[in-house]
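Residues take their numbers from the sequence shown, with the count starting at 1.
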Amino acid sequence: MSFEIEIKEQPGKIYLIFLEGSLDSDTYTILDERLAPILGLADLRGLVMNLKGLFYVSSDGLSVIFKARRITEGKGGTFMMTGLQPQIKKVFDILKALPETCVFQDMAEVDAYLDAMQKEELEKDR
């Protein structure tokens, strides 16, 4: 099965991660390796995983997502997910993982949240 990752850095050390395909036992290491440099940043402020193109996730894939959340939040950053397909959302519902995670319907909602976050930081600096 195919799996693709696109990473976009936003101002303020916020990273958008776009996943497409199947995140499973054959592909989870690819995501883990691509996230390692980002998760290693001391000043990581936010990680947004856009799962709109993800149609399958296994327990191995979930472990990478949960690791990213744990590390991001451990550094005081914000972890968010958007675009969960119904079958992916069901997996998170079963694990009761969604109440602990910021979940947005689409990237427009994420952008509005990130904009507000950055404006708040600018106000603190004044």
Side-chain angles (χ1 to χ4, degrees):
M1 304 237 169
S2 69
F3 180 65
E4 294 182 30
I5 304 166
E6 182 181 358
I7 299 173
K8 295 182 180 179
E9 183 178 354
Q10 301 295 297
K13 295 296 181 185
I14 297 169
Y15 291 83
L16 306 179
I17 314 296
F18 296 84
L19 304 181
E20 189 171 315
S22 180
L23 181 55
D24 55 32
S25 59
D26 293 328
T27 60
Y28 80 98
T29 56
I30 299 167
L31 179 60
D32 196 39
E33 290 168 4
R34 294 281 307 275
L35 288 177
I38 296 167
L39 297 174
L41 296 170
D43 55 351
L44 177 62
R45 300 255 350 274
L47 193 65
V48 181
M49 287 202 168
N50 186 325
L51 307 181
K52 185 176 181 179
L54 194 68
F55 62 84
Y56 177 82
V57 63
S58 72
S59 59
D60 290 324
L62 288 171
S63 68
V64 176
I65 292 171
F66 293 147
K67 174 184 171 183
R69 182 181 75 191
R70 180 178 39 82
I71 292 172
T72 302
E73 292 175 349
K75 293 176 181 229
T78 302
F79 179 85
M80 298 168 269
M81 292 190 302
T82 185
L84 279 74
Q85 298 297 321
Q87 70 276 17
I88 303 298
K89 184 178 181 306
K90 181 72 173 174
V91 171
F92 283 95
D93 285 342
I94 290 169
L95 295 173
K96 296 181 180 15
L98 288 182
E100 300 172 8
T101 305
C102 292
V103 178
F104 298 92
Q105 292 290 30
D106 54 33
M107 285 306 295
E109 195 175 17
V110 170
D111 288 340
Y113 179 83
L114 293 175
D115 185 51
M117 230 174 83
Q118 291 175 48
K119 284 179 181 173
E120 183 180 306
E121 281 301 309
L122 288 173
E123 290 298 319
K124 285 182 186 178
D125 293 339
R126 290 185 183 178

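- Taking all atoms of both residues into account, the shortest heavy-atom contact from Leu47 to Ala68 is CD2-CB, 3.7 Å.
- Using a distance-only test at 3.5 Å, with no hydrogens or angles considered, a donor-acceptor pair links the side chain of Lys75 to the main chain of Leu41.
- Between Ile7 and Tyr15, the shortest heavy-atom contact is CG2-CD2, 4.1 Å.
- For Leu54 against Gly21, the heavy-atom pair with the smallest separation is CD1-O, 3.3 Å.
- Between Phe55 and Gln87 there is a side-chain heavy-atom pair separated by less than 4.5 Å.
- Residues Leu39 and Thr72 meet the side-chain proximity criterion, which asks for heavy atoms closer than 4.5 Å.
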Can you list the steps and then say if Ile65 with Phe79 is a side chain to side chain contact (heavy atoms under 4.5 Å, CB included)? CA-CA 10 Å; Ile65 292 171; Phe79 179 85; 3.9 Å; yes
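- Atom NZ of Lys89 sits about 10.0 Å away from atom CE of Met81, to the nearest 0.5 Å.
- Considering CZ of Phe3 and OG1 of Thr27, their distance stands at 5.0 Å, rounded to 0.5 Å.
- Taking CG of Leu44 as the start and CD of Glu73 as the end, the distance is 10.5 Å to the nearest 0.5 Å.
- With contacts defined as side-chain heavy-atom distances shorter than 4.5 Å, the pair Glu6/Glu4 does not qualify.
- Closest of all the heavy-atom pairs between Asp24 and Asp26 is OD1-N, 2.9 Å.
- The two residues Gln85 and Lys52 make their nearest non-hydrogen contact at NE2-O, 2.7 Å.
- In terms of heavy-atom proximity, Ser25 sits nearest to Ser58 at N-OG, 3.6 Å.
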Start with the C-alpha distance between Leu51 and Thr82, add both sets of side-chain angles, then the distance that settles side chain to side chain contact (heavy atoms under 4.5 Å, CB included), and finish with yes or no. CA-CA 6 Å; Leu51 307 181; Thr82 185; over 6 Å; no
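- Going from atom CG of Leu19 over to atom CD1 of Ile88 covers 10.0 Å, rounded to the nearest 0.5 Å.
- Contact annotation: the side chain of Ile38 approaches that of Ile17 to within less than 4.5 Å [non-hydrogen atoms, C-beta and beyond].
- Listed by chain and number, the residues in a side-chain contact (heavy atoms from CB on, under 4.5 Å) with Ser59 amount to none (sequence neighbours excluded).
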Determine, step by step, whether Thr29 and Asp32 satisfy the side chain to side chain donor-acceptor pair (under 3.5 Å) criterion, reporting the C-alpha distance in whole Å, the side-chain angles of both residues, the deciding distance to 0.1 Å, and the verdict. CA-CA 5 Å; Thr29 56; Asp32 196 39; over 6 Å; no
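- A side-chain contact (heavy atoms from CB on, under 4.5 Å) with Leu23 is found for one member of Leu62, Val64, Leu31 and no other, namely Leu31.
- Rounded to the nearest 0.5 Å, atoms CE (Met80) and CG (Leu16) are 8.5 Å apart.
- Taking 4.5 Å as the limit, some side-chain heavy atom of Leu35 sits within range of a side-chain heavy atom of Met49.
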